[in-house]
2 protein chains.
Amino acid sequence: MTPEQPRPDPGGPAAAPPRPRDSSATRRSLLAAARELFAADGYDGTTVRAIAERAGVNQALLFRHFGNKEQLFAEAVAGQALDVLHDGPPQEVLRRTLEAMLATGPDDSAESTLFFAALRSQGNTEAARTVRAQLREAYGGALAALVATDDPADAELRADLTLAWLLGIALLRRVIHSDALMAAEPETVIGHVVRATDALLGPVDSP
Amino acid sequence: MTPEQPRPDPGGPAAAPPRPRDSSATRRSLLAAARELFAADGYDGTTVRAIAERAGVNQALLFRHFGNKEQLFAEAVAGQALDVLHDGPPQEVLRRTLEAMLATGPDDSAESTLFFAALRSQGNTEAARTVRAQLREAYGGALAALVATDDPADAELRADLTLAWLLGIALLRRVIHSDALMAAEPETVIGHVVRATDALLGPVDSP
DNA sequence: GTCAGTTGTAAGCAGACGCTGACAACCGGA
DNA sequence: TCCGGTTGTCAGCGTCTGCTTACAACTGAC
């Protein structure tokens, strides 16, 4: 049987030299890998094995640090896409979000794409649902303040319609690969969307 | 061991009376169940066991009829959501699609929701990709014809932006459960969207 | 009746999944 | 030097997945 007793350094082909003992670096690697993969493939489409491999970290460490997949997801996503919200005047939230969305290549995983990955994760898991509701509320609130109406329900409706558009654009770019949306100049796309949302959020002329 | 020799009809508690031999009825049941579940949970979120159970059909029959899950998906989805495209004047495609989307309850699975389920299925499988591209082209083409521009690329871009909006609205309603979008009167929502898309698809005033 | 073909059923395979347990290697303080 | 706690590694568990196989029950043609 030759029980393969442990040798300090076998002369063989470099049997995976152990990674340096750095807990926080491991954590960061895992979080970064998780963000990229969740943004690219959604919650269900991402496996913990893939995250660990991309991070160059043993799979078991993932569970030691985050407990389970859902908590890793929540921690990777939380507070990540909200920077763009408070990064300038509120009336330009829409433009800034669009710029962040369109600036990156199709496979790149910028901050804002994470937001949409969260929305896109269609699992019924509690963590995913919580994150989605949280992000939706933040964006919805910021957008609702821009609506020219007295009716709060109508303001929320129009804000959600705007959010739906952002969501759909991200989806058409990342999941479907719309040639038109990917080839167009960002300024052109932003111009179209801003023009239309001005009509959407502005006062209704004929009652 | 008592090898449990087959008995024609055991006196016990009705051990699953075999379903009547009707091939086409079985097929239809499977297709109907597949449509409902794919629309509700997407491609990856739906298991063949769930489809078979909902159809009241043995799981193995699913594979006898359709070969594999992807073919069942393709067959269930193909040509299903396109009715609304040719069901009236082309300039009202947007309104008709919205009406179909908003008319049903959140859990109902009308025709049009299937279209969005196809888009939402985020798997990389070939069948899902084909169906998505197919549907996107049909809708995109119909919408592009309505754009007031001479530039074909710009027309396609604006059509895809419109499609993105429809997609996002469906997503916000079905995946996230936006209270505002679900509680609002369909006519209100349609009014907002049509007003904004008029600005989007219409001529650009200031170059 | 017999027998080939069709329809339904039961059981299980191979692989991927999330997750766990046991153990080795290293570190800091006593 | 010992020793508890932390970090990294390895192997595998239980379950679910899409899919297959072997077989029973029924049908229609001869």
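Below, chains carry the letters A, B, ... as their sequence lines are ordered, and counting in each starts from 1. Heavy atoms only: backbone and side chains are in, while hydrogens, waters and symmetry mates are out.
With sequence neighbours excluded, no residue forms a side-chain hydrogen bond (donor to acceptor under 3.5 Å, both in side chains) with A/R96. Remark: A/N68 pairs with A/E70, A/Q71 by the side-chain contact (heavy atoms from CB on, under 4.5 Å) rule, at least two apart or across chains. Checked against salt bridge (Lys or Arg N to Asp or Glu O under 4.0 Å), B/R27 has the following partners two or more places apart in sequence or in another chain: B/E75. When the side-chain contact (heavy atoms from CB on, under 4.5 Å) test is applied to B/A184, the partners found at least two apart in sequence or on another chain are A/L157, B/V189.
Within the structure, the salt bridge (Lys or Arg N to Asp or Glu O under 4.0 Å) test picks out the following pairs touching residues 182-193 of chain B (sequence neighbours left out): B/R95-B/E187. Screening residues 45-55 of chain B for side-chain hydrogen bond (donor to acceptor under 3.5 Å, both in side chains) gives B/E36-B/R54 as the qualifying pairs, with residues at least two apart or on separate chains. Applying the salt bridge (Lys or Arg N to Asp or Glu O under 4.0 Å) rule to pairs touching residues 154-172 of chain A yields A/R136-A/E156, A/R136-A/D160, A/D154-A/R158, sequence neighbours excluded.
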Please tabulate, one pair per line, each protein N/O and nucleotide N/O from nucleotides 4-6 of chain C that are separated by under 3.5 Å, including the distance.
{"from": "C/dT6", "atom 1": "O2", "to": "B/R21", "atom 2": "NH1", "distance (Å)": "3.4"}
{"from": "C/dT6", "atom 1": "O2", "to": "B/R21", "atom 2": "NH2", "distance (Å)": "2.4"}

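For the pair A/H65 NE2 and D/dT7 C1', the computed distance is 8 Å after rounding to whole Å. Taking atom CZ of B/F66 as the reference point, atom P of D/dC19 lies 13 Å away to the nearest angstrom. Separating the CG atom of A/L30 from the P atom of C/dG18 is a distance of 14 Å, rounded to the nearest angstrom. Rounded to an integer number of Å, the gap from A/E53 CD to D/dT9 C1' is 16 Å. Between A/Q71 atom CD and C/dC19 atom P the separation is 10 Å, expressed in whole Å. In this structure, the CG atom of B/L62 is 14 Å from the C1' atom of C/dG8, given to the nearest Å. The CD1 atom of A/I51 sits 13 Å away from the C1' atom of C/dC17 (whole-angstrom rounding). Rounded to an integer number of Å, the gap from A/L61 CG to C/dA25 P is 16 Å.
Both B/R64 and B/E70 lie near DNA chain D, and the one whose nearest nucleotide falls closer to the 5' end is B/E70.
The main-chain N or O of A/L161 is found under 3.5 Å from a side-chain atom of B/W165 such that the two form a donor-acceptor pair.
Ring-plane geometry between B/F38 and B/F73 is classed as perpendicular, the angle between the planes exceeding 60 degrees on a 0 to 90 degree scale with a lower cut at 30.
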Readout for nucleotides 12-18 of chain D: B = base within 4.0 Å of protein heavy atom, S = sugar-phosphate only, - = neither; 5' to 3' it is B----BB
